[in-house]
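First comes the structure, then the notes that go with it.
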Amino acid sequence: MAPSAAQRIVIENCAIATVDAGDTEYACGHLVLAGDRIESVGAGKAPEGLENVVRRIDASGHLATPGLVNTHHHFYQWITRGLATDHNLFNWLVALYPTWARIDEQMTYAAAQGSLAMMARGGVTTAMDHHYVYPQGSGDLSGSIIRAAAEMGVRFTLARGSMDRSEKDGGLPPDFAVETLDGALAATEETVKKHHDASFDAMTQVAVAPCSPFSVSTELMRDGAELARRLGVRLHTHGSETMEEERFCHELFGMGPTDYFESTGWLGEDVWMAHCVHMNDSDIAAFARTGTGVAHCPSSNARLAAGIARVPDMLKAGVPVGLGVDGTASNESGELHTELRNALLINRLGAHREAALGARQALRLGTHGGAQVLGRAGQIGSLEPGKLADVVLWKMDTLAHASIADPVTALVFGAAAPVTASFVGGRQIVDNGRLLTVDEDAVARSTREEAQRLARIAAQA
């Protein structure tokens, strides 16, 4: 729709953090949304004489930011929260794989609804899901996740995962919970061809995403990379999450994770890795040299005692870094806006201490950094004319934040701020902290019922 004919929404009287290349901010400014695009952003009131204005929002007391971008998640884990709470990663996986291996399409849909709802009501406008558990006979799991995202109204990337290394091959998942090499590649290709949209305003995209070095064969890693590049989509997997993984790679492949990834074609501007906690200087240099991105998941890294990722060093080297919720069995809150604060605080426990990250760096990780990692920085992640109208209005004049003069500091350092409005492509999906696209109470009931059903099935097994 041409801007002259587009319906316009005018937002005025708010502080604005654009997160553009110059970190432009306005203490009191305006945004004009025309159709699904941002038409203008600037100081003071909106331009006079705008046509087709269907709504004016007085956003006094608010901060406007780009919508948050989640770069790593496992939606299905919403129905196994609160389990194995005192385990490290490998023991946690061993404890939960027997349960996860019994998920079906109905469970996966409900879990996706719960995960998406929690993120969306907290300011996420672009979500992703790394789904890699495809038990035999479980139904159309990828389709159910994509359907849940479409109904929620969020922009979405499905990282179509896979595993072909089961217990009999020295892996962790049960034998019936993995796919064959050929089956995984064929199903992944089918998902890309059926669901991936490469257009500027795409609501659904698909990435090729074998689970991790210790749950897939080298053939699946190498062939998966070739498949992704033949189809023109991005690649995602877990990398360098724990010391146990480091030892595993050395024992099995004779090299560390980063060298292994490079040997299988898994470094490049079209690749992003989850976690990357245990990276040495040469690893970071390799990521910087190749443009490989990182999904930083501070809460999950802490929950599983994985360690503190070297985010300040990655950023200094030029590595693209975004934020991830990670699965809600290792980050039970399931919210991304809390990761802004946790990324800042946890990284200050590392070598750089108080100089590790600032409020604006944390906000950039959760917006522009995430867009960069997902390959969509030209469309989302900052408030600039011509970009998609993915915008969040945070209420900053309540008890929780009103006495903090700087709204960006208030958002990152303070309590989780209420979301008054969230727009995806100019369509409002949150109003005063409540979702407009789904019934939150119904989703809560459904997720509880499916969690109980899965627990019963797992217990009987």
Side-chain angles (χ1 to χ4, degrees), residues 1-69 120 123-126 153-155 199-203 337 359-360 363-364 366-372 374-397 406-408 410-411 417-432 436:
M1 183 181 292
S4 60
Q7 292 187 332
R8 289 179 169 83
I9 297 172
V10 176
I11 303 169
E12 295 179 304
N13 304 321
C14 56
I16 301 174
T18 68
V19 200
D20 64 8
D23 272 331
T24 305
E25 296 181 12
Y26 303 100
C28 185
H30 72 272
L31 286 155
V32 178
L33 313 183
D36 68 348
R37 307 294 172 93
I38 298 171
E39 184 175 67
S40 67
V41 55
K45 296 288 187 180
E48 297 289 337
L50 293 173
E51 297 179 354
N52 300 322
V53 175
V54 296
R55 187 178 176 194
R56 288 185 178 271
I57 300 173
D58 180 357
S60 300
H62 287 77
L63 170 68
T65 73
L68 300 184
V69 179
V124 169
T125 56
T126 298
V154 300
R155 223 171 287 285
S199 63
F200 184 93
D201 58 352
M203 291 298 291
H337 60 320
R360 283 158 179 81
L363 179 59
R364 178 170 288 275
T367 52
H368 181 270
Q372 187 179 11
L374 294 184
R376 304 203 67 175
Q379 303 124 47
I380 60 173
S382 61
L383 302 180
E384 300 179 76
K387 284 198 168 184
L388 294 167
D390 294 4
V391 182
V392 177
L393 292 178
W394 309 89
K395 190 169 178 58
M396 308 306 295
D397 60 357
D406 174 24
V408 176
L411 178 69
V419 174
T420 293
S422 182
F423 298 88
V424 180
R427 176 195 183 195
Q428 188 171 353
I429 64 168
V430 176
D431 181 46
N432 288 314
L436 297 175

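What you see is a predicted model, and the numbers here were worked out from it, not measured in a lab.
L388 pairs with exactly one of T126, D36, V424 by the side-chain contact (heavy atoms from CB on, under 4.5 Å) rule, that one being D36. Screening V392, I38, I9, L31 against F423 for a side-chain contact (heavy atoms from CB on, under 4.5 Å) leaves a single residue, I9.
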Exercise for the section: Tell me, with the steps shown, if N13 and K45 meet side-chain contact (heavy atoms from CB on, under 4.5 Å). Expected result: CA-CA 7 Å; N13 304 321; K45 296 288 187 180; 3.0 Å; yes
Exercise for the section: Under the side-chain contact (heavy atoms from CB on, under 4.5 Å) rule, what do L393 and I57 come out as? Steps first, then yes or no, please. Expected result: CA-CA 10 Å; L393 292 178; I57 300 173; 4.3 Å; yes
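E25 meets the side chain to side chain contact (heavy atoms under 4.5 Å, CB included) test with A17, R360, V408; sequence neighbours excluded. Residues that satisfy the side-chain hydrogen bond (donor to acceptor under 3.5 Å, both in side chains) test with T125, not counting sequence neighbours, are absent from this structure.
The minimum heavy-atom distance linking V419 with G123 is given by the pair CG2-N, 3.8 Å. Smallest separation of non-hydrogen atoms from A6 and N52: O-CB, 3.4 Å. Minimum interatomic distance between A46 and V10 (heavy atoms only, all atoms of both residues): CB-CG1, 3.6 Å. For C14 against A59, the heavy-atom pair with the smallest separation is CB-O, 3.4 Å. Here the shortest heavy-atom pairing between A371 and G381 reads CB-CA, 3.9 Å. Pairing each heavy atom of V32 with each of P47, the nearest pair is CG2-CD, 4.3 Å.
No donor-acceptor pair closer than 3.5 Å links the side chain of R37 to the backbone N or O of G426. With R55 contributing its side chain and Q7 its backbone, the two residues share no donor-acceptor pair below 3.5 Å. H30 contributes a side-chain N or O that, together with a main-chain N or O of G42, makes up a donor-acceptor pair within less than 3.5 Å. Between the T18 side chain and the T24 main chain, a donor and an acceptor come within less than 3.5 Å of each other. A distance-only check finds a donor-acceptor pair linking the side chain of K387 to the backbone of A377 [under 3.5 Å].
For the atom pair CZ (R155) and CG (L374), the distance works out to 11.5 Å, reported to the nearest 0.5 Å. Considering CG of D58 and CD1 of I11, their distance stands at 11.5 Å, rounded to 0.5 Å. Rounding to the nearest 0.5 Å gives a distance of 13.0 Å between NE2 of H337 and CG of L363. With values rounded to the nearest 0.5 angstrom, Q379 atom CD is found 8.5 Å from S199 atom OG.
Using a 4.5 Å cut-off on side-chain heavy atoms (C-beta onward), L68 and T367 make contact. Side chains of L63 and I16 form no contact here, defined as non-hydrogen atoms less than 4.5 Å apart. Annotation: side chain of Q428 is not in contact with side chain of S422 (no heavy-atom distance under 4.5 Å). Residues V154 and I429 have side chains in contact (heavy-atom distance under 4.5 Å, counting atoms from C-beta outward).
Residues W394 and T65 have side chains that bring a donor and an acceptor to within less than 3.5 angstrom of each other.
Residue pairs that meet the salt bridge (charged side-chain N to carboxylate O under 4.0 Å, His left out) test with at least one member in residues 9-23, sequence neighbours left out, are E12-R56, D23-R364.
We find that R8 and E39 are joined by a salt bridge, their nearest charged nitrogen and carboxylate oxygen being less than 4.0 Å apart.
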